[in-house]
Number of protein chains: 2
Amino acid sequence: MTEASADRGRTTRQRLLGAAAALIAEVGWGGVSTRMVAERAGVAPGVVHYHYASLTDLLIAASTGAARGMLEELTGRLTEQPGPEAGVEWLLGELSRYTGTDPSSLLIVEMYLAAARLPDLREQLQELVTASRARVAAWLRGGGHAGDAEAAAAVLVAAVDGLMLHRGLDPALDLTALAGPLRAMVRTSGHEKGRST
Amino acid sequence: MTEASADRGRTTRQRLLGAAAALIAEVGWGGVSTRMVAERAGVAPGVVHYHYASLTDLLIAASTGAARGMLEELTGRLTEQPGPEAGVEWLLGELSRYTGTDPSSLLIVEMYLAAARLPDLREQLQELVTASRARVAAWLRGGGHAGDAEAAAAVLVAAVDGLMLHRGLDPALDLTALAGPLRAMVRTSGHEKGRST
DNA sequence: AATTGACTTGTACGACTGCCCAAAAACCAT
DNA sequence: ATGGTTTTTGGGCAGTCGTACAAGTCAATT
């Protein structure tokens, strides 16, 4: 088998993925064109359809790859925090580094939106989100959260995405000021019952 | 002055706005074309640029108009609820009617995203959101919420948007099961301090 | 009846789109 | 060197895009 040839292809694919992820954030999912990606990756226009069956395929691969990395790192570091209340505090601090109009935030939201119209992408993204939610729920439970940990995790993860959205509109929104309500939510005071799915 | 002509123009504009709002949800902000809007509205292709300086102008007008209606109705009915805890319950029930892939939900998210790249739209949308947040905060305060009502309102509104996002991925997500954590957040147990902006 | 002016029509333009493909190039085994 | 694979190239195809515009319609005014 050829080896260096395969290597060449692999690095080209990586460059395409990186360029695609950056462009989705910059010009939007629907604004990315094959020629844009190729130029940014420093290759000829035709190369996109050699490595990927369609532009959409490339965008899906690029976005899910980037999102998987981001999500796993974020939830990984969150679940390292000593307890739910400290974790929420840490989370807000971490989130403050995203303005809502930065590449990472935009890429995530673009994905959610594109997923509504691309079943393949939806499945993959759903898998990522459910996994994160489960990790957060387990961490809440382990941290002594008495209520429905699944529900609290779902609201927490949703709130994070929602806050990203709102941050894009109003960069002055002070996230650390929101610790109070979030703390109240994860506190160990849950005499409310609730069934998880 | 001509009168019937002006009337004709007014209704045409309304048809264009309606068609544009529907199409943004269906094919995405960037997927809407002048010809699509014109066809859906039942007018000739050129009419768009007679009534609006650009396609973007039309999309901004259409989306903000639709969003204003939705937001005002939702927050209006929310703040009619007797108290925060009952309100949260009502809110989740109301939200369950949105699947996350329905026109209304998609339109809102498309707007958030487009706002990141269109300053004009961002300003208008920010105004709408801040107004809603203020109304919710005032209602929380009036309902006996002891903590930082501004913060709680911000998280609540963000959570709503975030849940919409997640609902699109996983329509099976049972929103009514999330009442526990949200109730804990709006309850009158706020000995945590917090400064509003 | 003539004029006005808002509104509508259909077409035209240049630019850009995703995708395709024959040919060139780079690499490997023999 | 020779042949075989894999990757790359650059141009071509058929189509859509936003926008501009001359020509047309129609009710109200003069």
Side-chain angles (χ1 to χ4, degrees), chain A residues 1-24 26-63 110 114 117-121, chain B residues 1-63 110 113-114 117-121:
Chain A
M1 295 288 166
T2 62
E3 290 162 345
S5 280
D7 263 355
R8 200 152 47 104
R10 209 185 324 279
T11 67
T12 299
R13 235 168 328 224
Q14 287 300 327
R15 297 168 64 84
L16 285 176
L17 290 173
L23 283 170
I24 290 173
E26 285 176 34
V27 301
W29 187 281
V32 182
S33 73
T34 57
R35 290 162 178 83
M36 269 186 212
V37 180
E39 189 191 13
R40 171 86 48 122
V43 297
V47 79
V48 170
H49 286 87
Y50 175 76
H51 288 288
Y52 295 91
S54 71
L55 175 63
T56 303
D57 274 14
L58 168 59
L59 296 186
I60 290 180
S63 58
E110 290 281 356
R117 289 181 265 266
L118 298 174
D120 283 8
L121 176 58
Chain B
M1 299 280 170
T2 63
E3 290 163 344
S5 281
D7 263 354
R8 200 151 47 104
R10 206 183 329 275
T11 68
T12 299
R13 238 174 328 243
Q14 287 301 326
R15 298 168 64 84
L16 284 176
L17 290 174
L23 283 170
I24 290 172
E26 285 176 33
V27 300
W29 188 281
V32 181
S33 73
T34 57
R35 291 162 179 81
M36 269 186 214
V37 180
E39 190 191 11
R40 172 87 46 122
V43 297
V47 80
V48 170
H49 284 86
Y50 175 77
H51 288 288
Y52 295 91
S54 71
L55 175 62
T56 303
D57 273 15
L58 167 59
L59 296 184
I60 291 180
S63 59
E110 289 283 355
L113 215 31
R117 291 181 262 268
L118 299 173
D120 282 8
L121 176 58

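Just so it is clear, the model here is predicted, and its values are computed rather than measured. Side chains included, hydrogens not; waters and symmetry mates left out as well; all remaining heavy atoms used. Lettering of chains follows the sequences in order, A, B, ..., and the numbering in each one begins at 1.
Across residues 17-27 of chain B, not one residue has a non-hydrogen atom less than 4.0 Å from an atom of DNA chain D. For the segment residues 33-55 of chain A, residues with any heavy atom less than 4.0 angstrom from an atom of DNA chain D are, sorted by number, A:Arg35, A:Val43, A:Ala44, A:Gly46, A:Val47, A:Tyr50, A:His51.
Here the C1' atom of nucleotide C:dC27 and the CZ atom of A:Arg10 are 15 Å apart, to the nearest Å. In this structure, A:Arg15 places its CZ atom 10 Å from P of D:dT8, rounding to the nearest Å. For B:Asp57 and D:dG18, the CG to P distance is 14 Å, given to the nearest whole Å. Rounded to a whole Å, the CH2 atom of B:Trp29 is 17 Å from the P atom of D:dC17.
Taking every heavy atom of both residues into account, A:Leu59 and A:Ala20 meet most closely at CD2-CB, 4.1 Å. Of all non-hydrogen atoms in B:Val32 and B:Leu55, the two that sit nearest each other are O-CD2, 3.5 Å. Minimum heavy-atom separation, B:Leu118 to B:Trp29: CD1-CZ2, 3.6 Å.
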Discussion item. Pair A:Tyr52, A:Ile60 - check side-chain contact (heavy atoms from CB on, under 4.5 Å), show working.
Written reply: CA-CA 11 Å; A:Tyr52 295 91; A:Ile60 290 180; over 6 Å; no
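Residues passing the salt bridge (Lys or Arg N to Asp or Glu O under 4.0 Å) test with B:Arg35, sequence neighbours excluded: none. The salt bridge (Lys or Arg N to Asp or Glu O under 4.0 Å) check on B:Arg15 picks up nothing, with sequence neighbours excluded. By the side-chain hydrogen bond (donor to acceptor under 3.5 Å, both in side chains) test, B:Arg13 is found to be paired with B:His51, residues two or more places apart in sequence or in another chain being considered. In this structure A:Glu26 satisfies the side-chain hydrogen bond (donor to acceptor under 3.5 Å, both in side chains) test together with A:Arg40, sequence neighbours excluded.
Each of A:Val32 and B:Thr11 has a nearest nucleotide on DNA chain C; the 5'-most of these lies closest to B:Thr11.
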